[in-house]
There are 2 protein chains.
Amino acid sequence: MFTFRRAAFVAVGSEMLRADRVDTNSLLASRLLQRCGYALVEKRCVEDDAGAIARAVRELAARTDLVVVSGGLGPTADDVTREGVAQAMGVGLLRHDALVKALEARYRRAGRTIPEIALRMADVIEGAEILPNPQGTAPGQLVTLDAAALVLLPGVPRELEEIFTTHLLPRWGCGAAMKVRTLRLSGVYESQVEERVSPLYDRFGREAVTILAGRGVVDLVLMARGDHADARLAEMDEAFSAVAGDDLFGRGEVTLPAAILMLCRERGWKLATAESCTGGLAAAQLTSVAGSSDVFVGSVVAYANELKEERLGVPRRLLEEHGAVSQETAEAMARGALGLGAQVGLAITGIAGPGGGSEDKPVGTVHVAAMTPNAARHRRFRFPGDRTFVRECATNYALDLLRRTLRET
Amino acid sequence: MFTFRRAAFVAVGSEMLRADRVDTNSLLASRLLQRCGYALVEKRCVEDDAGAIARAVRELAARTDLVVVSGGLGPTADDVTREGVAQAMGVGLLRHDALVKALEARYRRAGRTIPEIALRMADVIEGAEILPNPQGTAPGQLVTLDAAALVLLPGVPRELEEIFTTHLLPRWGCGAAMKVRTLRLSGVYESQVEERVSPLYDRFGREAVTILAGRGVVDLVLMARGDHADARLAEMDEAFSAVAGDDLFGRGEVTLPAAILMLCRERGWKLATAESCTGGLAAAQLTSVAGSSDVFVGSVVAYANELKEERLGVPRRLLEEHGAVSQETAEAMARGALGLGAQVGLAITGIAGPGGGSEDKPVGTVHVAAMTPNAARHRRFRFPGDRTFVRECATNYALDLLRRTLRET
């Protein structure tokens, strides 16, 4: 079982609440905190407002062991993190002489006189420990509120990281941090995975597993902590892999296209695709992998039926008899892909919608064919959802079928 | 001046607290809320824990007019947003018969039986209004806590957006609310746009304009409020359009590929692409538009040089003399695209990296060629950034060059 210490993160800055900016400092903080055995249990963005900062800090200090507040330590009028935290603690701010001198010297070195308002960077919360900031002007500060430690860090990422690494890691960082391993599954629904892994919750703990799903790819994130974290993770990996079976395509950062390219590479095979409804998405995914050019030769996106005939050699008779969205056409397209100079072909043809559906072949109907020198597989899908969803599902399930076909051979 | 109502956003999901994931739904929510006259004053990520959700909702309802909670409405055991909000309100959950039937039907259509646990998606908070979700399985829910409205929305962005747009915008986004018009620009950097529009800030107010930028496409979001909002917006549109000039490709929801397809359609021309480093991304973008098949015929993704020769007719001599990444090859590829049965061709060839760069042609070098029956244009780019960034920039700037070439003719 885990015994995390609980940490919270507050990003201060009204700009973080606009429609075009996300806080990414919390990712940095999350990574640094892990190394100290803290898990982030909540994060927030609040406005440049002392009252808002005070409220956030009070609420979080009451329910966590550590609150990291980032940003709002600069020289301008809207930098009010010091004021907000002091207000939460019911104490005042003291202007610190040595910091004033250091600030003045720093401005002088840059050939400037320090404006009065910038001296606020020398204000220290009563009782705070100063955390020097060699990279920038405003130092970090460390205080205690209720039973929680409370640390104020600059919003500039490299300053945040340096202060944390220099002053906090040495005192907090121990061997007890969290370790994480991700098992990656494809061609399976989240609810199916949930059902299959739930019997393992009793053994490993419900909170030790997170399931993340997206259009045909499901991640099982396994977590362990403490001195025996590695052994625990190995044990979990074994149990969850067994349950995942053939759906498992890799671990960690590996993507489905990367796994496919690796399977082809091991066999010395080149790969080509032929796409209709996905319009190039499968090729785009495969070529998103750096170094894909040693395996992937290319693709024909045959949106018009004439191109399916002329460029992929799908017989007109077949198109007329079975239609462009059929097993026969998908298989003929896959053979056409092999004609691009590949041993492995993948073809996708379907109805992405919103138009083009019929009773017989409703929107979301997709035929996929995969071919290798010694295997050929076909599957028909019917995906619910809009055009984007159908196209993305079609791409991922097609790549999954290709992966399974390659694994058989 | 604006007098916003105050809104808060809660992203539910333990995965959002890890070091590798940020919440981006809050950006979408922020944009949608703006259209209703709400400003986001706080946002949070909390764990998949009913207690944590309840605390967040209680704290935020006490100090805002509206709390949007996103995520945790799915079928798995860790989807506990319904439970958390019910707990905050001190009420229970009721299983809703019609929702159960709809869920069962949905699973049946996909050829599956609904697992018992997934029926939790039919649980409704006592007193809640159900907000139907045509795109997905779990509906949204709307309740009141203290004086605040509280809305539960799925974590899947397109479901969140559709429910908001269908059910909430019509009732909240009216009268005194803000009116918004978006001018869409391509082939231009954010900083260039900022410089050109800044003289207009004095006239219309800095807070009436937001610039949103992403890899070659820049949105100018114009806002006005009050009785004369429409007239004001028209006035702003005129002033900002004049400054945007040829960079403006459309307004509102129109995408760059949709604008291109429209230009081709108006001229009665078919379009084909030939791609190397973008590996199908341009074709995928063009075919993301519903109804693209009347204009777009297809694409050859010629990743291997042999395919550039065999399938696009690029002369070997030319490849040897100038290299695959050159103006000459790009132009020959565009002519090859015309050979797919189109009057308009777009070709992209470049070095996406991380490997393959040289002093002469560093990573990020991209050549683009666009051809119509009466114009041909070429541009060379050098994009900074990683493989993904280079590929996305290459795609968008290529589409932009095509748009400008079409407009000339």
Side-chain angles (χ1 to χ4, degrees), chain A residues 17-20 22-24 27 30-31 34 40-47 52 59 63 190-191 194-195 198 206 210-212 221 278-284 286-288 290-291 293 296-304 306-307 311 340-341 353-355 382 384-389 391, chain B residues 14-15 17-20 22-24 27 30-31 34 40-47 52 59 74-78 106 109-110 115 117-118 135 158 210 212 278-281 283-284 286-288 290-291 293 296-304 306-307 311 340-341 353-355 387-388 391:
Chain A
L17 293 156
R18 283 165 45 203
D20 55 348
V22 290
D23 141 57
T24 49
L27 304 184
S30 173
R31 198 156 47 74
Q34 267 188 16
L40 219 49
V41 296
E42 182 167 339
K43 57 192 203 184
R44 301 189 183 184
C45 299
V46 301
E47 295 184 288
E59 287 167 358
R63 55 187 191 238
E190 179 180 14
S191 57
E194 171 85 24
E195 243 182 295
S198 57
R206 164 92 185 67
T210 300
I211 301 179
L212 302 176
V221 186
T278 50
L281 283 176
L286 288 161
T287 57
S288 71
S293 59
F296 185 76
V297 296
S299 177
V300 170
V301 179
Y303 223 55
E306 293 73 37
L307 288 189
R311 299 290 173 140
L340 298 177
R382 199 159 285 173
D386 67 5
R387 184 176 178 87
T388 304
F389 186 80
R391 281 161 45 99
Chain B
S14 299
E15 74 278 8
L17 293 157
R18 285 164 43 204
D20 54 349
V22 290
D23 141 58
T24 50
L27 303 185
S30 173
R31 195 157 50 75
Q34 269 187 11
L40 219 49
V41 297
E42 184 168 338
K43 56 192 204 186
R44 302 190 183 182
C45 299
V46 301
E47 295 184 289
E59 288 168 357
T76 66
D78 60 358
R106 194 181 163 90
R109 277 199 303 278
I117 192 164
Q135 298 259 11
R158 69 196 167 86
T210 300
L212 303 177
T278 49
L281 283 175
L286 289 162
T287 56
S288 71
S293 59
F296 185 75
V297 295
S299 178
V300 170
V301 179
Y303 223 56
E306 293 73 37
L307 288 189
R311 298 290 174 139
L340 297 177
R387 183 177 180 86
T388 304
R391 281 161 45 99

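These numbers come from a predicted model, not from an experiment.
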- Is it the side chain or the backbone of A/Glu47 that comes within 4.5 Å of chain B heavy atoms, both, or neither? both
- side-chain contact (heavy atoms from CB on, under 4.5 Å) between A/Leu286 and B/Tyr303, worked out: CA-CA 11 Å; A/Leu286 288 161; B/Tyr303 223 56; over 6 Å; no
- What are the two closest heavy atoms between A/Ala284 and B/Leu281, and how far apart are they? CB-CD2, 3.6 Å
- Task: Identify the two heavy atoms, one from A/Thr278 and one from B/Thr287, that lie closest to each other, and give their separation to 0.1 Å.
- Result: O-OG1, 4.3 Å
- Note on the structure: Max heavy-atom pairs within cutoff under 4.5 Å with chain A, candidates B/Ala304, B/Ala52, B/Gly279, goes to B/Gly279
- Note on the structure: Note: B/Val41 and A/Leu17 closest approach over all heavy atoms is O-CD1, 3.5 Å
- Message: Under 4.5 Å from any heavy atom of chain A, what part of B/Ala77 do you find: side chain, backbone, both or neither?
- Response: both
- Message: Does any backbone or side-chain atom of A/Arg31 lie under 4.5 Å from a heavy atom of chain B? Answer side chain, backbone, both or neither.
- Response: both
- Item | Among the listed options B/Arg311, B/Arg44, B/Arg106, B/Glu42, the residue most often paired with chain A at heavy-atom distances under 4.5 Å | B/Arg44
- Determine the option with the most heavy-atom pairs under 4.5 angstrom with chain A, choosing from B/Gly298, B/Ser299, B/Ala283, B/Pro354. B/Ser299
- Task: Sequence neighbours left out, what passes salt bridge (Lys or Arg N to Asp or Glu O under 4.0 Å) with A/Glu190? Give chain and number order.
- Result: none
- SG-CG distance between A/Cys45 and B/Leu40, expressed to the nearest 0.5 angstrom: 9.0 Å
- Task: Using a strict 4.0 Å threshold on nitrogen-to-oxygen distance, state whether A/Arg63 and B/Glu59 make a salt bridge.
- Result: yes
- Message: Can you list everything that forms a salt bridge (Lys or Arg N to Asp or Glu O under 4.0 Å) with B/Arg158? Sequence neighbours excluded, please.
- Response: A/Asp386
- Item | Per-residue contact mode, B/Ala302 against chain A (heavy atom under 4.5 angstrom) | backbone
- Item | chain A contact via B/Leu307 - side chain, backbone, both or neither, heavy atoms under 4.5 Å | side chain
- Does the B/Arg109 side chain pair with the main chain of A/Arg382, one donor and one acceptor, at a distance under 3.5 Å? no
- Task: For each of B/Asp23, B/Val297, B/Val300, tally heavy-atom pairs with chain A at distances under 4.5 Å, and name the one with the top tally.
- Result: B/Val297
- Query: Side chain, backbone, both or neither: which part of B/Ser288 has a heavy atom under 4.5 Å from chain A?
  - Reply: both
